[in-house]
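Shown next, in structure tokens, is the structure this report addresses.
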Number of protein chains: 2
Amino acid sequence: MANNDAIPVEPDHGGGIRQRSRASIERRILDAAESVFAEAGFNGATTAEIARRAGIPKANLHYYFKTKDDLYQQVLTGIVNTWLHTADEITAEADPAHALAHYITAKIELAREQPIPSRVFANEVIHGAPHLGTYLGSELRSWVEAKAKVIRGWITAGKMREVDPRHLLFMIWASTQTYADFAAQISAVLGRDQLSQQEYKAVARQVTEIILRGCGLTPPNPS
Amino acid sequence: MANNDAIPVEPDHGGGIRQRSRASIERRILDAAESVFAEAGFNGATTAEIARRAGIPKANLHYYFKTKDDLYQQVLTGIVNTWLHTADEITAEADPAHALAHYITAKIELAREQPIPSRVFANEVIHGAPHLGTYLGSELRSWVEAKAKVIRGWITAGKMREVDPRHLLFMIWASTQTYADFAAQISAVLGRDQLSQQEYKAVARQVTEIILRGCGLTPPNPS
DNA sequence: GTCTATAAACTGATAGAC
DNA sequence: GTCTATCAGTTTATAGAC
């Protein structure tokens, strides 16, 4: 999260007051790219549009990122790295009801606060994950196996009902990320432009209650 | 489902044995288009690739469907019409546990048997549903309100726990369609090329159990 | 490091012979 | 109704002046 480094104030060749360090320009390009990729997919995204949103000429974009593919790879890598560091509360020692409730709530909050990266990732996976290399089958798979082992421990200890932990995780991912990925559908069906923060809280509560009760757990009172 | 009409055997100008009626050619193009749109999205799909898979020259595709947009619209319409006719078992008179179990099972089976249309639709919604016109906000919204009314009736009658029926439907959609839309991720995480029919049955059972128990219902024995 | 101009390749759509 | 050839517009990526 907090890694602004020491941004060197370089000589400003182009004029203007904006931050011109390499790091900050790359960040601007990556943010612009993320939103364009989310809206149009990899194929539909154009480097011209990304450059426009980043506020730079298209040629500069290709100076910082050699190809459209390189840029997309770095966007994906950033998203994936963020995601691998969630669910830290799912540990053998934790209370299952509390840990799962915390995870579900955090995922709903992430869907509300950062829907765009979720959509980029969803788009990639729907199309068969052609740019994700070995991530799904190695890093993510190991991550799931580790968490599944914890949940199996809970089950063996009689703390919760017997379920397949991997499919439970898929269900949690689906039920929470749908509020980011399918926001257009949810908004339209509910007849609102977007959900209020209070509605998101109610959603988190309901999803948590259903999944916890479904696992034979008693939902904790929302803090 | 069963509507082969009477396919007129027209004069065969191009040679070859294949069916050449207008209806059958359009069907071939629509099927090819569906798979290409699912793999690459609207923007990434090319009319050249669709024509190649349909086994016709590109110019013929534009003879049968004026524009790429027309073709996409017809693909979407077909998907949407299929979907509006599911969940027929969710009625006021039905037993909640049985009706919901039936709906969830049917949705999982649909994800297994027809993942491609699901992906086309998911892709469309993720990108903000720019080609869906008023469908989400009118037809689908009415559909959801009707089903929500039924479920509210069940709740009022004390047959199930109090939940928001609309978000319950979103959860069912997400938990089932994820097996079509995110198949690449699920396969990779589980370390298999694709799930067996038996695994799909186990998934249907687990999703059903969690959601029904989560709603305070007792899952029926799988028939 | 920045920017304008442009090359090189691709894509949707059509013309026109058969 | 079918097919080849091709146009017009877009898009990725680069060359080269500053």
Side-chain angles (χ1 to χ4, degrees), chain A residues 7-30 32-33 35-37 39-75 127 130-131, chain B residues 7-30 32-37 39-76 127 130-131:
Chain A
I7 299 177
V9 179
E10 293 169 8
D12 187 341
H13 297 289
I17 314 171
R18 293 188 303 243
Q19 191 60 259
R20 295 249 164 211
S21 76
R22 177 156 202 124
S24 73
I25 291 185
E26 287 182 351
R27 171 74 358 233
R28 280 237 308 279
I29 296 174
L30 285 168
S35 69
V36 176
F37 284 132
E39 287 168 24
F42 176 77
N43 291 297
T46 65
T47 53
E49 175 62 14
I50 294 170
R52 196 190 64 73
R53 288 199 202 177
I56 58 169
K58 189 175 54 164
N60 291 26
L61 185 149
H62 285 284
Y63 171 76
Y64 286 103
F65 298 88
K66 195 72 178 149
T67 66
K68 181 183 173 182
D69 220 285
D70 286 343
L71 179 53
Y72 185 62
Q73 282 292 341
Q74 294 208 27
V75 169
H127 296 154
H131 301 85
Chain B
I7 299 177
V9 179
E10 293 171 7
D12 187 340
H13 298 288
I17 315 173
R18 292 189 303 241
Q19 191 60 259
R20 293 249 164 210
S21 77
R22 177 156 201 125
S24 73
I25 291 185
E26 287 182 351
R27 170 69 7 226
R28 280 237 308 279
I29 295 174
L30 286 168
E34 195 172 73
S35 69
V36 175
F37 284 132
E39 287 168 24
F42 177 77
N43 291 299
T46 65
T47 53
E49 175 62 14
I50 295 170
R52 197 190 62 75
R53 288 199 201 177
I56 58 168
K58 190 175 54 165
N60 291 25
L61 185 149
H62 286 284
Y63 172 75
Y64 286 102
F65 298 88
K66 195 72 180 153
T67 67
K68 180 183 174 182
D69 220 284
D70 285 343
L71 180 52
Y72 185 62
Q73 282 292 341
Q74 294 208 26
V75 168
L76 277 182
H127 296 153
H131 301 85

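This is a predicted model, so every value here is computed, not measured. Each chain gets a letter, A, B and so on, in the order the sequences are listed, and its residues count up from 1.
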B/His127: which residues meet the side-chain hydrogen bond (donor to acceptor under 3.5 Å, both in side chains) condition with it, sequence neighbours left out?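 By the side-chain hydrogen bond (donor to acceptor under 3.5 Å, both in side chains) rule, B/His127 matches A/Asn123.
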side-chain hydrogen bond (donor to acceptor under 3.5 Å, both in side chains) partners of B/Glu26, counting only residues at least two apart: B/Arg22
Round to the nearest Å and state the distance from [X] atom [atom1] to [N] atom [atom2].
{"X": "A/Leu71", "N": "D/dT11", "atom1": "CG", "atom2": "C1'", "result": "15 Å"}
{"X": "B/Ile25", "N": "D/dT2", "atom1": "CD1", "atom2": "C1'", "result": "10 Å"}
{"X": "B/Asn60", "N": "D/dT2", "atom1": "CG", "atom2": "P", "result": "6 Å"}
{"X": "A/Phe65", "N": "D/dT14", "atom1": "CZ", "atom2": "P", "result": "15 Å"}
{"X": "B/Glu49", "N": "C/dC10", "atom1": "CD", "atom2": "P", "result": "14 Å"}

Using salt bridge (Lys or Arg N to Asp or Glu O under 4.0 Å) as the criterion, list what pairs up with A/Arg53, not counting sequence neighbours.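 With sequence neighbours excluded, A/Arg53 shows a salt bridge (Lys or Arg N to Asp or Glu O under 4.0 Å) to A/Glu39, A/Glu49, given in chain and number order.
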How would you summarise protein contacts on nucleotides 11-18 of chain C per nucleotide, using B for base, S for sugar-phosphate only and - for none, with heavy-atom distances below 4.0 Å? SBBBB---
Check every atom of C/dT4, D/dT4, D/dG1 against the side chain of B/Pro57 and return the nucleotide holding the closest atom.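 Nucleotide nearest to B/Pro57's side chain: D/dT4.
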For the helix from C/dG1-D/dC18 to C/dC18-D/dG1, measure the angle between the helix axis at one end and the axis at the other, each built from five pairs, rounding to 10°. 10°
Hey, what do you get for [atom1] ([X]) to [atom2] ([Y]), rounding to the nearest 0.5 Å?
{"X": "B/Leu76", "Y": "B/Leu71", "atom1": "CG", "atom2": "CG", "result": "10.0 Å"}
{"X": "B/Leu61", "Y": "B/Lys68", "atom1": "CG", "atom2": "NZ", "result": "11.0 Å"}
{"X": "A/His131", "Y": "A/Tyr72", "atom1": "NE2", "atom2": "OH", "result": "6.0 Å"}

Would you say C/dT2 has OP1 or OP2 under 4.0 Å from some side-chain N or O of A/Tyr64? yes
Residue pairs involving residues 57-66 of chain B (criterion side chain to side chain donor-acceptor pair (under 3.5 Å); sequence neighbours excluded): none
Counterpart residues, ring-ring contact (aromatic ring centres under 6.0 Å, His included), relative to B/Phe65 (two or more places apart):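 In terms of ring-ring contact (aromatic ring centres under 6.0 Å, His included), with neighbours along the sequence ignored, B/Phe65 is linked to no residue.
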